[in-house]
There are 2 protein chains.
Amino acid sequence: MKRAALIAVGSELLRFDRSDTNTVWLTEQLDRLGIETVARLSLPDEPATISRVLSTLVDSSDLVILTGGLGPTEDDRTRDALSLAAGRELQHDPDKERDLRARFAAVEVRWTDRQARQAWRPRGASWIINPAGSADGLILEHGGTTIVALPGVPSEMKPMVSAHLEAWVGTGERQRVLRSVLRTFGRGEAAVEAKIADLYDQPGIEVTVLSSPGEVTIAIQASDTSSEIASKRLEATRAAMLQRLGGGVLVDDERPLAEIVGNLLLEAGQTLAVAESCTGGMLAAEATAVPGSSRWFRGGWVVYSDDLKRDLAGVDPALLERHGAVSEPVGRQLAASVRRRCGADWGVGITGIAGPGGGSAGKPVGLVHVALASATGTEHWRTVRPGGRQGVRRGSVIFALEQLRRALVGRER
Amino acid sequence: MKRAALIAVGSELLRFDRSDTNTVWLTEQLDRLGIETVARLSLPDEPATISRVLSTLVDSSDLVILTGGLGPTEDDRTRDALSLAAGRELQHDPDKERDLRARFAAVEVRWTDRQARQAWRPRGASWIINPAGSADGLILEHGGTTIVALPGVPSEMKPMVSAHLEAWVGTGERQRVLRSVLRTFGRGEAAVEAKIADLYDQPGIEVTVLSSPGEVTIAIQASDTSSEIASKRLEATRAAMLQRLGGGVLVDDERPLAEIVGNLLLEAGQTLAVAESCTGGMLAAEATAVPGSSRWFRGGWVVYSDDLKRDLAGVDPALLERHGAVSEPVGRQLAASVRRRCGADWGVGITGIAGPGGGSAGKPVGLVHVALASATGTEHWRTVRPGGRQGVRRGSVIFALEQLRRALVGRER
């Protein structure tokens with residue numbers, strides 16, 4: 001597999017409140033072409049420093065991409081660094097200056113001598129046209145390594161990479177990389193891993209498991225020089241995982257869960273209303289984050305204080321007294337009541353203990369009752385969510401949305 | 001000013017879905033001591049690559065800190081890289097091995113030969129004790145540069161840095177760096193900058209302006225070798241900015257705005273209820289994200305559909321008909337109605353057009369009506385928020401919280 005090193009140039013990137021994102025984006029683009037990233041760096045606008053590090057990286061990489069430092073100001077020193085590292089003097093390109101002057105005239109920007117810097121390049125380097133700005137890129141071969149310098153502004157850099165990366169990488173034998181993403185909701189990471197961990201260690205397969213409150217995501221990456229073999233590997237691993245996980249798994253669908261649920265509701269011509277206690281409006285906020293959600297989301301209550309559960313949501317005071325606010329009967333009444341009162345097809349009720357205070361032996365922090373009311377009755381789930389106050393709250397929202405999703409697709413609960 | 005280079009070691013850090021955070025955190029710690037970070041790198045677990053880059057950086061830095069690669073596995077190669085770069089062979093430290101064996105026995109972890117790797121160090125290097133794990137750090141002087149290697153796990157690395165960084169940096173002349181953060185809400189970044197931009201260019205002063213929906217934050221950093229001078233610079237610049245900005249500015253208070261408002265409500269023994277349309281529960285979610293918010297937040301309505309504004313929130317149908325749902329009278333009724341119905345001291349009503357659809361010439365996307373009801377009446381603000389759907393929504397939440405905050409502190413509106 002070929003190796004790439006990525007350098008973000010710019011002293012401003014080295015501040016404590018900044019962090020380069022270009023090299024992370026580039027890693028993903030290279031990954032798709034089967035190129036391994038072996039270094040990511042942020043360096044200041046110092047030609048000597050850049051040049052020394054660049055010379056070192058050329059020895060261990062087939063491709064080095066620099067971003068930033070190609071503009072017209074004093075601080076833009078990448079072309080000097082390239083010249084130093086490759087031992088090739090900067091040469092003025094009169095055609096390029098003519099071209100730049102024409103571009104500036106077209107947008108009525110005054111030409112200054114500083115701009116002329118952008119018409120200089122190390123001997124033997126070729127231009128990479130910047131379709132969205134004045135700082136063109138540069139490419140040169142040095143010691144068997146391809147060095148590419150690009151502008152640092154993402155909106156200029158990205159289209160240049162998308163247009164040319166395959167050419168820079170070359171036409172030699174290349175890894176084909178295919179990827180598939182499985183998403184599961186409301187399960188724990190350990191439980192998911194226990195079912196699939198023995199599938200990680202296969203030739204040409206790489207598995208990454210990511211966990212966020214309420215969701216476990218499995219990314220499968222299959223690679224081979226033959227795309228047919230990579231594809232077969234991917235399909236076999238994915239099929240095995242889906243079989244192990246036993247349903248309720250989303251395949252290659254990266255939309256927010258609320259958007260997925262919203263689309264299912266739209267297709268069914270149905271609507272949702274919610275009554276939230278411990279999640280305090282997060283489920284409603286998640287639903288209304290989806291553009292066009294007014295077609296399927298009606299609204300609801302945030303009943304954070306217990307007397308509002310009674311006065312606003314009409315929960316039976318005797319139930320509150322007997323079972324407490326965090327209980328199955330209260331969850332069920334919240335769901336049924338908000339469904340009826342808001343004239344929705346589905347009603348969700350959530351009541352729980354987000355913590356850090358308020359827990360007890362019988363009702364620990366993280367305990368959440370979720371109920372889902374429909375025309376055919378009300379279902380209920382008791383779950384204990386991990387992850388502190390925000391984890392419990394966010395996990396409860398995802399858990400509730402997942403129950404509704406399952407009800408809508410009619411799969412196993 | 002002294003110069004530092006920071007290297008995160010670990011092939012896993014170079015994946016497209018990962019990004020090192022240790023070097024960013026270290027930059028901030030160094031910044032406080034007046035040390036400039038001149039390189040941030042992520043490198044793979046390859047001793048030759050690390051060693052070559054390290055040798056290059058030693059020439060241009062007074063301090064190099066590496067994190068990661070000190071553990072017991074095959075992949076942990078940082079000590080080999082140090083040995084290569086400094087040209088000093090690895091030596092076994094029998095005292096360290098005895099110490100490690102004792103630590104493992106104490107926590108009942110089985111000792112394996114792999115663990116013994118952690119008792120080797122380059123000749124002349126000293127140990128830096130890891131109080132939270134088994135991988136001790138290393139420090140050595142090489143070519144006038146201090147090289148420090150630390151474990152990569154943040155919870156182990158950070159306390160080691162906090163305990164020793166001043167010592168590693170040395171006792172020579174040092175910049176004193178002082179910082180102050182001013183936060184303003186509900187204003188635009190351009191309007192804020194127009195008032196203070198001429199204060200940026202002062203000796204020993206650095207100003208950073210960050211903008212997020214509804215909030216503009218100004219960080220002032222003052223530095224000098226004399227802490228007295230740095231302090232005077234900071235105070236003078238801060239005083240000038242506060243005078244220009246004219247009130248409603250938070251100084252060095254980094255709590256979420258909802259928490260600040262919540263504490264003011266607690267102090268006043270008062271409560272809040274909210275009725276949200278375009279923000280769809282986000283204000284309630286923001287309030288209930290604060291631990292203990294049940295003492296001041298009661299709850300409210302999410303009235304996303306217009307008929308719920310009437311049926312749930314009791315908005316006058318004639319007003320809805322005449323002015324539309326996004327209007328001053330509807331905002332006012334939402335605020336007053338939720339206050340009364342939830343028995344709260346303060347009621348907030350928000351109705352607006354979050355977009356991307358739904359805008360018109362008279363009511364553009366971003367138009368939001370915010371109302372605040374109290375025992376003395378209802379106030380209203382009309383604002384047009386930028387930033388797309390999520391920016392409009394989030395900006396409206398902050399705008400509403402800020403109006404409540406100002407009402408509670410009794411400052412100028």
Side-chain angles (χ1 to χ4, degrees), chain A residues 14-17 19 24 27-28 31 36-44 46 48-49 52-53 55-57 59-60 208 210 219 274 276 278-285 287-289 291-294 297-305 307-308 312 341-343 354-357 389-390 393, chain B residues 14-17 19 24 27-28 31 37-44 46 48-49 52-53 55-57 59-60 208 210 219 274 276 278-285 287-289 291-294 297-305 307-308 311-312 341-343 354-357 389-390 393:
Chain A
L14 289 158
R15 295 172 55 147
F16 76 92
D17 51 2
S19 166
V24 177
T27 302
E28 187 167 4
D31 209 52
E36 187 185 9
T37 297
V38 296
R40 283 205 292 244
L41 302 82
S42 298
L43 294 178
E46 301 174 357
T49 304
R52 277 202 305 268
V53 173
S55 300
T56 305
L57 292 170
D59 292 342
S60 52
T208 313
L210 287 174
V274 301
E276 303 181 66
C278 65
T279 52
M282 284 176 80
L283 176 47
T288 57
S293 46
S294 58
F297 183 76
R298 295 192 46 74
W301 296 304
V302 177
V303 282
Y304 207 58
S305 63
D307 56 319
L308 288 187
L312 221 56
R341 190 72 177 77
C342 294
R389 184 175 179 85
Q390 290 309 325
R393 283 158 45 92
Chain B
L14 289 158
R15 294 172 55 148
F16 77 92
D17 51 2
S19 168
V24 176
T27 302
E28 185 167 6
D31 209 52
T37 297
V38 296
R40 285 205 292 243
L41 301 82
S42 298
L43 294 178
E46 301 174 358
T49 303
R52 276 201 307 266
V53 173
S55 301
T56 305
L57 292 170
D59 293 340
S60 53
T208 313
L210 288 174
V274 300
E276 302 182 65
C278 65
T279 52
M282 285 176 81
L283 176 49
T288 56
S293 47
S294 59
F297 184 76
R298 294 191 48 72
W301 297 303
V302 177
V303 283
Y304 207 58
S305 62
D307 57 319
L308 288 187
D311 297 344
L312 220 57
R341 191 72 178 77
C342 293
R389 185 175 180 86
Q390 288 310 323
R393 282 157 47 92

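Quick caveat, the model's predicted, so the values are computed rather than measured. Quick note on labels: first sequence line is chain A, next is B, and so on, each numbered from 1.
- Every residue two or more places apart in sequence or in another chain was checked for a side chain to side chain donor-acceptor pair (under 3.5 Å) with A:Thr37, and none qualifies.
- Using a 4.5 Å cut-off between heavy atoms, B:Thr49 touches chain A through its side chain atoms alone.
- Contact count against chain A (heavy-atom pairs under 4.5 Å) is highest for B:Leu14 among B:Leu283, B:Val53, B:Leu41, B:Leu14.
- Taking A:Gly355, A:Gly281, A:Ser55, A:Ser294 one by one and counting their heavy-atom pairs under 4.5 Å with chain B, the maximum is reached by A:Gly281.
- With respect to chain A, the highest number of heavy-atom pairs below 4.5 Å among B:Arg40, B:Glu276, B:Glu28 belongs to B:Arg40.
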**OP:** May I have the step-by-step check of side chain to side chain contact (heavy atoms under 4.5 Å, CB included) for B:Asp17 and A:Thr208, ending in yes or no?
**Re:** CA-CA 10 Å; B:Asp17 51 2; A:Thr208 313; 3.9 Å; yes

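- Between chain A and the options B:Gly343, B:Pro44, B:Gly300, heavy-atom pairs under 4.5 Å are most frequent for B:Gly300.
- For B:Arg52, the parts lying near chain A are the backbone and the side chain together; criterion is any non-hydrogen pair under 4.5 Å.
- Contacts of A:Ser19 with chain B are made by both backbone and side-chain atoms, with heavy-atom separations under 4.5 Å.
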Subject >> Residue pair B:Thr288, A:Arg393: steps toward the side chain to side chain contact (heavy atoms under 4.5 Å, CB included) verdict >> reply: CA-CA 10 Å; B:Thr288 56; A:Arg393 283 158 45 92; 2.8 Å; yes

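- Contacts with chain B were tallied for A:Arg389, A:Met282, A:Gln390; A:Arg389 has the most, counting heavy-atom pairs under 4.5 Å.
- Proximity to chain A (any heavy atom under 4.5 Å) is restricted, for B:Glu46, to the side chain, taken from C-beta onward.
- Contacts between B:Ser293 and chain A at a heavy-atom distance below 4.5 Å involve backbone atoms as well as side-chain atoms.
- Of the possible polar contacts, one joining the A:Arg341 side chain to the B:Asp311 backbone as a donor-acceptor pair under 3.5 Å is found.
- Here B:Ala289 is the residue among B:Ala289, B:Ala284, B:Ala219 with the most heavy-atom pairs under 4.5 Å with chain A.
- For a residue to count as touching a neighbouring chain, one of its non-hydrogen atoms must lie under 4.5 Å from one of that chain's; by this rule B:Leu57 touches chain A with the side chain only.
- When each of B:Leu308, B:Leu43, B:Val24 is scored by its heavy-atom pairs under 4.5 Å with chain A, the top score falls to B:Leu308.
- The shortest heavy-atom contact between A:Tyr304 and B:Phe297 is CD2-O, 3.8 Å.
- At a threshold of 4.0 Å, the pair A:Arg15-B:Asp31 does not count as salt-bridged, since none of the basic side-chain nitrogens sits closer than that to a carboxylate oxygen.
- Not counting sequence neighbours, B:Asp59 has no partner by the side chain to side chain donor-acceptor pair (under 3.5 Å) test.
- Most heavy-atom pairs under 4.5 Å with chain B, from the set A:Cys342, A:Ala354, A:Gly357: that is A:Cys342.
- Heavy-atom distances place the backbone of B:Val303, and not its side chain, under 4.5 Å from chain A.
- Chain A forms the most heavy-atom pairs under 4.5 Å with one residue out of B:Leu210, B:Val274, B:Asp307, and that residue is B:Asp307.
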